[in-house]
Protein chains: 2
Amino acid sequence: MPRRAQTEVAVLGALSTGPMTGYEVRAAIGETLGHFWHESFGQIYPTLAALEEAGAVRPAPSGRRSRTVYEITADGVDRLRDLLSEPHRAPPARNGLLLRLFFGTHLPDGAPADLLADAERQAEAALEHYAEVRDEITGDDSPEQAYRTMTLAFGEHVARAQLAWARECLAALPDAEGGGAGARG
Amino acid sequence: MPRRAQTEVAVLGALSTGPMTGYEVRAAIGETLGHFWHESFGQIYPTLAALEEAGAVRPAPSGRRSRTVYEITADGVDRLRDLLSEPHRAPPARNGLLLRLFFGTHLPDGAPADLLADAERQAEAALEHYAEVRDEITGDDSPEQAYRTMTLAFGEHVARAQLAWARECLAALPDAEGGGAGARG
DNA sequence: AGCAGCATGTAAGTGGTTACATGATTGT
DNA sequence: ACAATCATGTAACCACTTACATGCTGCT
């Protein structure tokens with residue numbers, strides 16, 4: 001399966017919740033899939049045009065001429081189901097933080113500690129964000145929310161893992177390396 | 001900083017451990033950075049050519065004419081240090097597994113359970129691999145190995161998190177959804 | 001002689017970002 | 001009037017993968 005198809009999944013998935021403009025599709029993806037997916041306008045508009053060409057979406061009547069509200073068609077729902085069913089090929093991992101840390105001996109004193117402190121902060125911020133999202137979606141026990149909760153739980157697990165890892169590594173760093181990040185602990 | 005620079009980091013980092021051919025650079029990256037980095041030949045050879053042009057690497061004498069062994073120059077070491085010091089911009093996340101799971105209600109019965117079972121297996125396999133790598137590098141307390149151990153620990157933490165998450169989600173799935181993955185537990 | 005693995009490289013295509021250009025709508 | 005934001009789209013560029021083409025080396 002071409003990776004391009006994944007953008008179609010995101011767009012069709014967003015439209016499966018209701019008619020939207022391209023602009024709103026992007027916002028919807030950012031709000032609901034934000035911590036594990038992302039699309040830029042440069043992807044969304046051409047994808048919407050291709051999906052319309054293929055009959056998977058169609059313009060819906062809207063009050064203003066300056067915007068095009070798209071709705072998913074029956075063919076589009078089928079297409080979404082088909083795309084979702086295709087096997088999932090994960091692209092090779094690329095983690096810039098680990099790439100830098102791996103060559104930590106080539107870095108100036110304190111730089112590895114700074115990298116780890118950044119990772120710690122990122123994880124903390126992510127956990128705060130997830131807590132807010134959890135608050136928003138509690139009380140809803142629809143099937144959709146069950147899956148949404150699973151993806152949220154993934155983010156939480158990984159963020160907690162990163163947080164624990166960063167703290168362990170900071171604690172294990174020799175004092176000489178910790179100078180750049182200031183006093184810690 | 002252009003993302004291209006990260007390939008340079010990987011290549012220069014590999015060469016910082018000793019002279020190598022492009023083929024060997026790729027193998028070295030795959031072996032030591034494998035769980036968080038990857039380069040294809042289509043990236044490595046042009047990058048080596050560009051680095052040679054820039055004076056960061058140079059061909060070293062080798063027995064055979066059919067291969068070019070590169071070694072890092074003093075300029076190359078400087079360049080590596082400079083590249084490593086540049087701020088790290090993480091590209092937007094894209095997790096195909098979560099994208100599929102999020103739209104789980106559009107999937108046939110059992111498909112979400114299959115996705116989770118796959119994730120569980122992946123994490124188990126990763127942990128087995130990491131255990132082997134740990135065995136290989138224990139007993140070496142050089143600074144290089146300290147950083148290598150940190151990147152390994154990251155992989156372990158994240159894999160354990162994914163494993164726990166997948167099992168929790170599988171346990172939480174209603175029975176009707178578990179059929180496709182067979183009896184579990 | 002033949003095969004597996006070493007080794008180098010290029011071309012085509014994909015997926016994606018970024019920056020730019022443009023204009024409508026809404027709120028103050 | 002002005003600013004912010006909604007809204008659409010394109011062009012240029014970048015990073016990367018994949019497939020292909022080619023040949024060498026070492027082993028059996």
Side-chain angles (χ1 to χ4, degrees), chain A residues 1-11 14-15 19-31 33 36-53 57 59-70 83 86 88-96 99, chain B residues 1-11 14-15 19-31 33 36-53 57 59-70 83 86 88-96 99:
Chain A
M1 119 179 244
R3 232 191 277 164
R4 163 70 177 262
Q6 307 214 127
T7 296
E8 291 196 1
V9 168
V11 170
L15 287 176
M20 269 179 247
T21 67
Y23 191 87
E24 289 165 339
V25 164
R26 191 195 189 221
I29 292 173
E31 281 161 26
L33 317 180
F36 64 83
W37 205 262
H38 161 268
E39 296 292 348
S40 62
F41 289 131
Q43 290 281 99
I44 285 175
Y45 286 113
T47 298
L48 277 171
L51 286 172
E52 184 182 357
E53 179 83 6
V57 304
S62 85
R64 288 173 267 152
R65 328 122 200 73
S66 70
R67 65 208 296 266
T68 309
V69 175
Y70 286 98
L83 289 173
E86 285 181 35
H88 158 228
R89 274 193 316 162
R94 274 206 166 81
N95 187 322
L99 182 64
Chain B
M1 114 181 246
R3 234 193 273 165
R4 163 69 176 263
Q6 307 214 129
T7 296
E8 292 196 2
V9 169
V11 169
L15 288 175
M20 270 179 248
T21 66
Y23 191 88
E24 289 165 338
V25 164
R26 191 199 188 215
I29 292 172
E31 281 160 26
L33 317 180
F36 64 84
W37 206 262
H38 161 268
E39 295 294 348
S40 63
F41 289 131
Q43 291 280 98
I44 286 176
Y45 286 112
T47 298
L48 277 171
L51 286 173
E52 185 182 354
E53 180 82 7
V57 304
S62 85
R64 286 174 268 154
R65 330 123 200 72
S66 68
R67 63 207 299 267
T68 308
V69 175
Y70 286 98
L83 289 173
E86 285 181 35
H88 158 230
R89 272 195 315 162
R94 274 204 166 82
N95 186 323
L99 182 64

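Each chain gets a letter, A, B and so on, in the order the sequences are listed, and its residues count up from 1. Hydrogens, waters and symmetry mates are skipped; everything else that's a heavy atom, side chains included, is used.
Rounded to whole angstrom, the span from the OH atom of A:Tyr70 across to the C1' atom of D:dT8 amounts to 9 Å. The nearest whole Å value for the distance from the OH atom in B:Tyr45 to the P atom in C:dA7 is 8 Å. Here the P atom of nucleotide C:dA7 and the CE atom of B:Met20 are 12 Å apart, to the nearest Å. Here the C1' atom of nucleotide D:dC6 and the CZ atom of A:Arg26 are 13 Å apart, to the nearest Å. When the C1' atom of D:dC16 is taken as reference, atom CD of B:Glu39 falls 9 Å away, rounded to whole Å. One interatomic measurement links the two molecules: CD1 of B:Ile44 to C1' of D:dC16, which rounds to 12 Å at whole-angstrom precision. Atom-to-atom, CD of B:Glu8 to P of D:dC16 comes out at 11 Å; the value is rounded to the nearest Å. Rounded to an integer number of Å, the gap from CD of A:Glu31 to P of D:dC6 is 10 Å.
Here B:Glu39 contributes atom CD and B:Thr47 contributes atom OG1; the two are 7.0 Å apart, rounded to the nearest 0.5 Å. In this structure, CD1 on A:Ile29 lies 8.5 Å from CE on A:Met20, to the nearest 0.5 angstrom.
Between B:Thr7 and D:dA15 there is no side-chain N or O to OP1 or OP2 distance below 4.0 Å. Between D:dT17 and B:His38, a contact under 4.0 Å exists linking OP1 or OP2 to a side-chain N or O. Considering only side-chain N and O atoms, B:Arg89 lies under 4.0 angstrom from the phosphate OP1 or OP2 of C:dT18. The phosphate of C:dT17 (OP1 or OP2) has a side-chain N or O of B:Arg94 nearer than 4.0 angstrom. Within the 4.0 Å cut-off from OP1 or OP2 of C:dT8, at least one side-chain nitrogen or oxygen of B:Thr21 is found. Regarding contacts with the backbone of C:dG23, every side-chain N or O of A:Ser66 stays at 4.0 angstrom or more from both OP1 and OP2.
With D:dT8, D:dT17, C:dT17 as the choices, the nucleotide that has an atom nearest any side-chain atom of A:Tyr23 turns out to be D:dT8. Considering only the side chain of A:Gln43, C:dG16 comes nearest among D:dT17, C:dT8, C:dG16.
Comparing B:Gly22 and A:Ser40, the nucleotide of DNA chain C nearest to each residue sits closer to the 5' end for B:Gly22.
Ion pairing between a basic and an acidic side chain is recognised when a charged N comes within 4.0 Å of a carboxylate O; B:Glu31 and B:Arg26 show no such pairing.
Across all non-hydrogen atoms, the minimal contact from A:His38 to A:Ser40 is CE1-N, 4.1 Å.
The backbone N or O of A:Phe36 lies less than 3.5 Å from no partner atom in the side chain of B:Arg94, so there is not a single donor-acceptor pair.
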